[in-house]
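Lettering follows sequence order; numbering is per chain, from 1.
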There are 2 protein chains.
Amino acid sequence: MTEFLEQINKYNQLTKEAEKDFLSRLKTKSFKKGEFINKEGQICKQLYFIEKGLVKQYYHHKDRLFVLRFFSENTIFTVLDSFINQMPADFLTVALEDTNLIYIDYDNVQELSKIDHSFETFLRKIFSNAALYNLKRIKEMFNNDATELYVSFAKNNPHLLQRISLGDIASYIGISQVTLSRIRAKK
Amino acid sequence: MTEFLEQINKYNQLTKEAEKDFLSRLKTKSFKKGEFINKEGQICKQLYFIEKGLVKQYYHHKDRLFVLRFFSENTIFTVLDSFINQMPADFLTVALEDTNLIYIDYDNVQELSKIDHSFETFLRKIFSNAALYNLKRIKEMFNNDATELYVSFAKNNPHLLQRISLGDIASYIGISQVTLSRIRAKK
DNA sequence: ATGATTTTTTAACATAGGTAAAAAAAGATT
DNA sequence: AATCTTTTTTTACCTATGTTAAAAAATCAT
């Protein structure tokens with residue numbers, strides 16, 4: 001469980017009391033490859049940390065599938081739209097490999113953020129980060145054609161390249177699998 | 001100056017002391033149409049509130065111009081990438097109309113967030129919001145063809161439609177002005 | 001009002017990427 | 001090893017949108 005705490009402390013060092021309190025509220029859950037961590041329409045009530053494994057967060061639109069993001073080891077994640085406002089999720093999250101999660105429930109996050117300033121600061125920073133990640137994504141989608149997007153994905157995620165199918169990578173980039181295959185064909 | 005505070009209290013109600021402290025740190029500045037609030041490469045050291053006016057935040061890439069976002073009256077904004085990490089900005093912000101801003105300096109934001117829990121919570125919420133806004137934007141860029149993007153922009157920003165040029169709207173949607181003109185031509 | 005500037009529209013042409021279906025390759029199952 | 005399943009590649013065809021250039025329309029300034 002302490003890996004989750006370590007990751008949080010990289011965003012903002014918690015006080016000793018907050019650390020203890022935080023650890024006491026954690027739970028764990030495992031998912032087999034192909035199992036869903038959440039489905040659309042459900043309200044996401046957990047903030048997760050991936051101890052081991054790989055998940056894909058995505059949604060469907062007009063018969064196409066779009067991947068918002070992959071999360072792998074040592075990453076904190078949640079279903080952003082659903083967790084923040086406790087509304088039904090637009091997205092699905094599925095395990096691409098056998099995955100072990102550590103998590104804390106929404107109510108506990110709320111409580112901790114109220115009683116502990118250092119935990120609130122952690123939340124501020126992790127959400128700032130999410131905003132910046134999404135901003136970077138928007139810029140990339142604007143800037144680049146399919147070839148550049150693939151090259152950029154490959155460069156930024158060398159460790160994931162071998163673990164994720166071409167189809168899923170295409171869905172992340174926002175192009176069809178055929179197009180991605182074409183891109184790779186011409187060296 | 002109190003409009004800025006009111007807006008903050010909509011995100012999270014500050015304590016009386018924090019309110020007073022916050023107000024004492026505010027300054028104002030006016031920009032004529034066409035003047036720059038910031039340019040790329042500069043570090044953004046302010047969190048702004050628009051009392052009156054309209055600004056466009058954008059950047060250049062390969063001879064094209066992309067608009068990230070328009071901000072109008074009663075909106076809190078900053079140069080996200082630059083403000084959060086105090087790094088040189090990738091973006092420019094220009095006044096599309098004569099604009100009056102109220103603002104607080106980065107150092108004051110930092111100080112307030114350290115000494116006051118309610119202000120930190122405000123920051124957490126405004127950055128969560130920015131993350132969600134950007135997420136929604138990504139989804140829209142994925143989902144829709146140019147026509148749908150325009151219809152959606154028009155629906156979500158009826159008040160801005162008359163104030164922003166077609167070229168700027170096209171740059172926000174991520175299409176050429178010619179394409180946008182075509183879209184409007186076929187009813 | 002008149003001319004100057006900016007914005008919007010139209011036209012002609014080029015191209016990136018979508019769809020569908022089949023072939024090939026890789027991986028899993030018995 | 002042989003079969004079944006999934007993933008990736010290839011082909012043919014089509015459409016949306018980019019580019020460039022120019023005309024038309026609208027807006028602004030003197």
Side-chain angles (χ1 to χ4, degrees), chain A residues 32-36 54 56 58-67 70 94-98 137-154 157 160-187, chain B residues 32-36 53-54 56 58-67 70 94-98 138-154 157 160-187:
Chain A
K32 287 267 162 222
K33 175 176 175 172
E35 285 183 342
F36 286 88
L54 176 64
K56 158 174 98 170
Y58 69 102
Y59 67 99
H60 293 283
H61 183 79
K62 294 183 188 164
D63 288 331
R64 286 182 71 186
L65 184 161
F66 297 96
V67 173
F70 301 103
V94 67
L96 293 183
E97 300 172 358
D98 293 354
R137 189 98 204 266
I138 290 168
K139 263 192 78 173
E140 231 178 47
M141 289 171 74
F142 266 144
N143 290 342
N144 304 131
D145 62 23
T147 304
E148 290 171 307
L149 285 170
Y150 175 66
V151 170
S152 163
F153 179 85
N157 306 282
L160 293 183
L161 257 200
Q162 297 79 12
R163 292 163 77 182
I164 300 175
S165 80
L166 264 203
D168 278 341
I169 292 175
S171 300
Y172 177 87
I173 294 174
I175 61 178
S176 72
Q177 185 179 340
V178 175
T179 299
L180 183 49
S181 197
R182 269 194 286 243
I183 286 167
R184 306 213 309 174
K186 45 179 164 163
K187 212 174 37 61
Chain B
K32 287 267 163 223
K33 175 175 175 172
E35 286 182 341
F36 287 87
L54 175 63
K56 157 174 99 169
Y58 68 103
Y59 67 99
H60 294 283
H61 183 79
K62 293 183 188 164
D63 287 332
R64 287 182 71 186
L65 184 163
F66 298 95
V67 173
F70 301 103
V94 68
L96 293 184
E97 301 172 357
D98 292 355
I138 292 168
K139 262 191 80 173
E140 232 178 46
M141 289 171 75
F142 266 143
N143 289 344
N144 303 131
D145 62 23
T147 304
E148 290 171 307
L149 285 169
Y150 176 67
V151 170
S152 164
F153 179 85
N157 306 281
L160 294 183
L161 257 200
Q162 297 79 12
R163 292 164 75 183
I164 301 174
S165 79
L166 263 204
D168 277 342
I169 293 175
S171 299
Y172 177 87
I173 294 174
I175 62 177
S176 72
Q177 185 181 338
V178 176
T179 300
L180 183 48
S181 196
R182 269 195 287 244
I183 285 168
R184 304 211 310 175
K186 46 179 165 163
K187 215 179 25 64

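- Side-chain N/O atoms of A/Arg184 include none lying less than 4.0 angstrom from OP1 or OP2 on D/dT8.
- Geometric assessment of B/Lys139 against the ring of A/Phe66 yields a negative cation-pi assignment under the 6.0 Å and 45° thresholds.
- Atom CD1 in A/Ile164 sits roughly 14 Å away from atom P in D/dT7 (whole-Å rounding).
- For A/Asp145 (side chain) and A/Glu148 (main-chain N/O), a donor-acceptor pair under 3.5 Å exists by modelled atom type.
- The separation between A/Tyr150 atom OH and C/dA16 atom P is 19 Å, rounded to whole Å.
- Regarding A/Leu166, its CG atom lies at a distance of 10 Å from the C1' atom of D/dT9, rounded to whole Å.
- For A/Glu148 and C/dG17, the CD to C1' distance is 14 Å, given to the nearest whole Å.
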Might you work through the side-chain contact (heavy atoms from CB on, under 4.5 Å) test for A/Tyr58 and A/Asp168, ending with a clear yes or no? CA-CA 10 Å; A/Tyr58 69 102; A/Asp168 278 341; over 6 Å; no
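- When the options A/Lys33, A/Lys32, A/Arg163 are evaluated for a salt bridge (charged side-chain N to carboxylate O under 4.0 Å, His left out) with A/Glu97, the one that passes is A/Arg163.
- Residue B/Leu65 contributes atom CG, which lies 15 Å from atom C1' of C/dT7 at whole-angstrom precision.
- Ring centers of A/Phe70 and A/Tyr172: under 6.0 Å apart, within the cut-off.
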Could you write nucleotides 16-30 of chain D as a row of B, S and -, 5' to 3', where a protein heavy atom under 4.0 Å of any base atom gives B, of only sugar-phosphate atoms gives S, and otherwise -? -SBBB----------
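- Of the possible donor and acceptor atoms, none in the side chain of B/Ser181 sits under 3.5 Å from a partner among the backbone N and O of B/Gln177.
- Using a 4.0 Å heavy-atom distance criterion, B/Ser165 is classed as a sugar-phosphate-only contact.
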